[in-house]
Amino acid sequence: GESVGLHLPTLSVQEGDNSIINCAYSNSASDYFIWYKQESGKGPQFIIDIRSNMDKRQGQRVTVLLNKTVKHLSLQIAATQPGDSAVYFCAETRPGGGADGLTFGKGTHLIIQP
Amino acid sequence: NAGVMQNPRHLVRRRGQEARLRCSPMKGHSHVYWYRQLPEEGLKFMVYLQKENIIDESGMPKERFSAEFPKEGPSILRIQQVVRGDSAAYFCASSPRRVRNTEAFFGQGTRLTVV
């Protein structure tokens, strides 16, 4: 079936380095993508979104890249800080029928090493 | 403006009991979504409601689960005759419009444990 998935379950980076978290999706009709951050014991927190008519979008210390040709989404976090430790999920929405909510991937656990 | 409020934060039920999970959306939000998260997994969509209407319940189990969003008061996710497999974190999200057009804001979740 269709799904949004992530390449790596755990990513360990040094504090101060840049982090890149990847996500693959299978439905070429998906038109809106969101990255969420979920800290332990908390609900998902919106980080950044991107529509399918865009290739790149930048926020504060974060950049999302969308490659529709290979159906790949990535989240780049600049100068990773201890507070960035969390599980990161990509999510998609699809036009038309089916579930009207978000479809989430399984998540990547970002670990920051001092 | 308070965020999405869910209660209780933790709920323990014995097998066969009923679980009632509450979600108060953000002020001005009339769209509510319920998700379930199993340990070490992503969130799975369950149901999408607007005031007094169920818009999409394609992710809801056919039996024992129901949801409502009355004109007044919070949205309720109700699980009857709970089983161990219902143990999970249940998250509610709200948005002012359909989530396709804007980000949804999530609550802190209710962690249901069935013993």
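Naming: A, B, ... by sequence-line order, numbering from 1 per chain.
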When every non-hydrogen atom of B:Tyr35 is compared with those of A:Leu102, the smallest separation belongs to OH-N, 2.8 Å
Okay, A:Gln38 and chain B: the region with an atom under 4.5 Å from a heavy atom over there is side chain
Between B:Phe91 and A:Gly43, the two heavy atoms sitting closest are CE2-CA, 3.3 Å
Okay, B:Gln37 and chain A: the region with an atom under 4.5 Å from a heavy atom over there is side chain
Separation between NZ (A:Lys42) and CD (B:Gln108), nearest 0.5 Å, reads 6.5 Å
Margin query: Heavy-atom count check: over 12 atoms from other residues, nucleotides or ligands less than 6.0 Å from A:Gln113 CD?
Written below: yes
Taken in chain and number order and not counting sequence neighbours, the residues that satisfy salt bridge (charged side-chain N to carboxylate O under 4.0 Å, His left out) with B:Arg111 are none
Check your understanding: Is atom NZ of B:Lys51 surrounded by more than 12 heavy atoms (other residues, nucleotides or ligands) closer than 6.0 Å?
Key -> yes
Test of understanding: clusters of I, L, V, M, F, W, Y form through side-chain heavy atoms closer than 4.5 Å, transitively. Do A:Tyr88 and A:Ile20 belong to the same one?
no
- Taking atom CE of B:Met60 as the centre, report whether more than 12 heavy atoms of other residues, nucleotides or ligands fall under 6.0 Å from it. yes
